[in-house]
Amino acid sequence: MGVALRDIIAEYRTPVPWEALTGIAAVDAHNALYQFLSIIRQPDGTPLMDQRGRVTSHLSGILFRTTSFIEKGIRPVYVFDGTPPPFKQATIEQRRQVREQARARWEEALIRGEISEAYKQARSASKVDDEVISTAKTLIGLLGLPVVKAPSEGEAQAAAMVSRGDARYVVSQDYDTLLFGAPLLVRNLTVSGKRKLHGRTISVSPERIVLSEALKGLDLSREDLIRIAVLIGTDFNTGVRGIGAKTALKIIRKGEFEATVEEKLPGLDREAVIDFFLDPPVTWEYSLSWGEPNPDGVMRMLCDGYDFAPDRVGKALEGMNVRKGQKTLDSWF
DNA sequence: CGATTTCA
DNA sequence: TGAAATCGG
């Protein structure tokens, strides 16, 4: 779900204009899908669904964001998760329980007629399941974009692809990719530039975090940053209750990481977690090739399959380079 | 969230 | 016309 590094990383975020973001972007697919699933909902928490009751929030999100990226000169490659490491199991189980509780609370809130509470719980009940992943991959393929399947964590794979120079930056809301060594992370890469916060609409713009700048500014090595994350808690270990990013930073500065772990996190295999961040399983067996979008295939999938309105899908596709295959698109109107 | 419509 | 409201599936 992401490491709570925000309190020490925040000052190294800098606004970045869209024009500076052209080129290949390694998108943390799980992060994007979760975002879509959790946010694209009705006020009572009901997600977008087709007539058969299948969730379509993520398909809407991918379609419109991807076509918009292409128009802006951004070439996204969606990086998906592979098999999680065994020591992530506790986190996975805990999240499952949180989701189940949220689902129950969602239903209860609906019965009481508490709409905003229902929405909040529905968000927490979101799950990026196999169906979401496979339908997302199908749509991404029809849009002509490459997909990379990580051997393990998608965030690690995306970071490695940027390190190697196959992509310019990672797109994610989470800071975990920095721990995996992503040289450049871009957050808030949302098209509308608006977000609802406490019922108010605030404007958000893309921001970048350059890992080397953050490490230099904090006077930390990447391993130190990982140690801070371990104290706070990561996807692979629970942190110390009462220790946030600021406190963890002080502990690292005083050289008390080992002692703190011994005392507060007994039984934690800290080396295993640190090693995983420093040298995670990644693959170089991928090919980044952008094909032509298949407008007819997209229309068939979304309109025939999931009850999307042809005019809206067609309009989104027109923004892409559908010069070829224009005839097939016209035939839908 | 992103697109579209409504409203001041 | 631009920001706010709401629609989409």
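All chains are named by letter (A, B, ...) in the order of the sequence lines, taking the proteins before the strands, and each is independently numbered beginning at 1.
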Output the residues of residues 298-312 of chain A in contact with DNA chain C, where contact means a heavy atom of the residue under 4.0 Å from an atom of the strand; sort by number or write none.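 Under 4.0 Å from DNA chain C: Y306(A), D307(A), F308(A), A309(A), R312(A).
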Check side chain to side chain contact (heavy atoms under 4.5 Å, CB included) between [X] and all other residues, then give those that pass, not counting sequence neighbours.
| X | value |
| --- | --- |
| R103(A) | E107(A), A125(A) |
| I115(A) | P43(A), D44(A) |
| Q121(A) | A102(A), R105(A), W106(A), E117(A) |

Listed once per pair and sorted, the ring pair (Phe, Tyr, Trp, His ring centres under 6.0 Å) pairs that draw on residues 213-235 of chain A, sequence neighbours left out: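 Not a single pair qualifies under ring pair (Phe, Tyr, Trp, His ring centres under 6.0 Å).
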Give every residue pair that meets the ring pair (Phe, Tyr, Trp, His ring centres under 6.0 Å) criterion with at least one member in residues 65-103 of chain A, sequence neighbours excluded.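 Listed once each, the pairs are F87(A)-F236(A), F87(A)-F276(A).
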Separation of [N] [atom2] from [X] [atom1] (nearest whole Å):
| X | N | atom1 | atom2 | value |
| --- | --- | --- | --- | --- |
| F36(A) | dA3(B) | CZ | P | 11 Å |
| Q35(A) | dG2(B) | CD | C1' | 14 Å |
| E71(A) | dG2(B) | CD | C1' | 12 Å |
| K315(A) | dG8(C) | NZ | C1' | 13 Å |
| L33(A) | dG2(B) | CG | P | 13 Å |
| F64(A) | dG9(C) | CZ | C1' | 10 Å |
| I39(A) | dT6(C) | CD1 | P | 19 Å |
| M49(A) | dG8(C) | CE | P | 14 Å |

Counting heavy atoms from C-beta on, name the nucleotide in dT4(B), dA3(B), dG9(C) closest to the side chain of V191(A).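 Looking only at heavy atoms from C-beta outward on V191(A), the closest nucleotide is dA3(B).
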Would you classify [X] as touching base, sugar-phosphate or nothing, given that sugar-phosphate means primed atoms plus P, OP1 and OP2, and contacts are heavy atoms under 4.0 Å?
| X | result |
| --- | --- |
| S60(A) | base |
| Q42(A) | base |
| P47(A) | base |

Does P76(A) reach the side chain of L145(A), with side-chain heavy atoms less than 4.5 Å apart?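 Yes, at least one pair of side-chain atoms sits under 4.5 Å.
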Would you say R65(A) reaches dC1(B)'s phosphate, i.e. side-chain N/O to OP1/OP2 under 4.0 Å?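 For dC1(B), neither OP1 nor OP2 has a side-chain N or O of R65(A) closer than 4.0 Å.
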Please check the phosphate of dG9(C) (OP1 and OP2 only) for any side-chain N or O of T56(A) closer than 4.0 Å.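 Indeed not, no polar side-chain atom of T56(A) lies that close.
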Working for side chain to side chain contact (heavy atoms under 4.5 Å, CB included), residues R208(A) and L185(A): CA-CA 6 Å; R208(A) 62 172 203 178; L185(A) 166 65; over 6 Å; no
